[in-house]
Amino acid sequence: MKNIYLYYIALFAPLLAIIALLKLAIFPGWFSITVLLIYVFLYRTLLDGYRLYQKNLIKKEEIWKVATHGLRAKYFKELYLYN
């Protein structure tokens with residue numbers, strides 16, 4: 001995902017949906033927290049890793065390292081600022 005506008009939509013749309021679910025209290029608290037943790041640890045890792053992979057900054061095998069090795073901080077400018 002090289003287009004930064006699509007990246008931000010993919011980044012914030014699920015988060016806004018999760019916040020709406022939390023505010024409406026449709027589901028029990030444990031389920032909402034579980035969905036939020038899946039978003040933070042799984043979805044964001046895959047989304048950020050795939051963006052870095054598409055920009056040829058990391059290898060496909062290193063996508064999981066985004067969550068554990070601090071690659072979000074290392075590639076902050078490439079992830080959030082540059083197209």
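Reckoned from all heavy atoms, side chains included, excluding hydrogens, waters and symmetry mates.
Here L16 contributes atom CG and K23 contributes atom NZ; the two are 12.5 Å apart, rounded to the nearest 0.5 Å. Distance CD1/I9 to OH/Y5: 10.5 Å, rounded to 0.5 Å. Taken to the nearest 0.5 Å, the CG atom of N3 stands 12.0 Å off from the CD atom of Q54.
Of all non-hydrogen atoms in I58 and G49, the two that sit nearest each other are CD1-O, 3.7 Å. Nearest approach of I18 to Y39, heavy atoms of both residues: CD1-CB, 3.6 Å.
With a 6.0 Å radius and a threshold of 12 heavy atoms from other residues, nucleotides or ligands, Y50 has its OH atom at or below the threshold. In this structure, Y8 places its OH atom where more than 12 heavy-atom neighbours from other residues, nucleotides or ligands lie under 6.0 Å away.
No side-chain heavy atom of E78 sits under 4.5 Å from any side-chain heavy atom of L71. Side-chain contact between Y7 and L79 is present, with at least one heavy-atom pair separated by less than 4.5 Å. Contact of the L11 side chain with the R44 side chain is registered, since non-hydrogen atoms from C-beta on lie closer than 4.5 Å. At least one side-chain heavy atom of L15 sits less than 4.5 Å from a side-chain heavy atom of L36.
The side-chain contact (heavy atoms from CB on, under 4.5 Å) test applied to I26 returns L21, L24, not counting sequence neighbours.
L57 and W64 fall into different hydrophobic clusters, where Ile, Leu, Val, Met, Phe, Trp and Tyr side chains are chained together by heavy-atom contacts under 4.5 Å.
Within the structure, every pair that satisfies the salt bridge (charged side-chain N to carboxylate O under 4.0 Å, His left out) test and touches residues 52-73, not counting sequence neighbours, is listed here: D48-R72.
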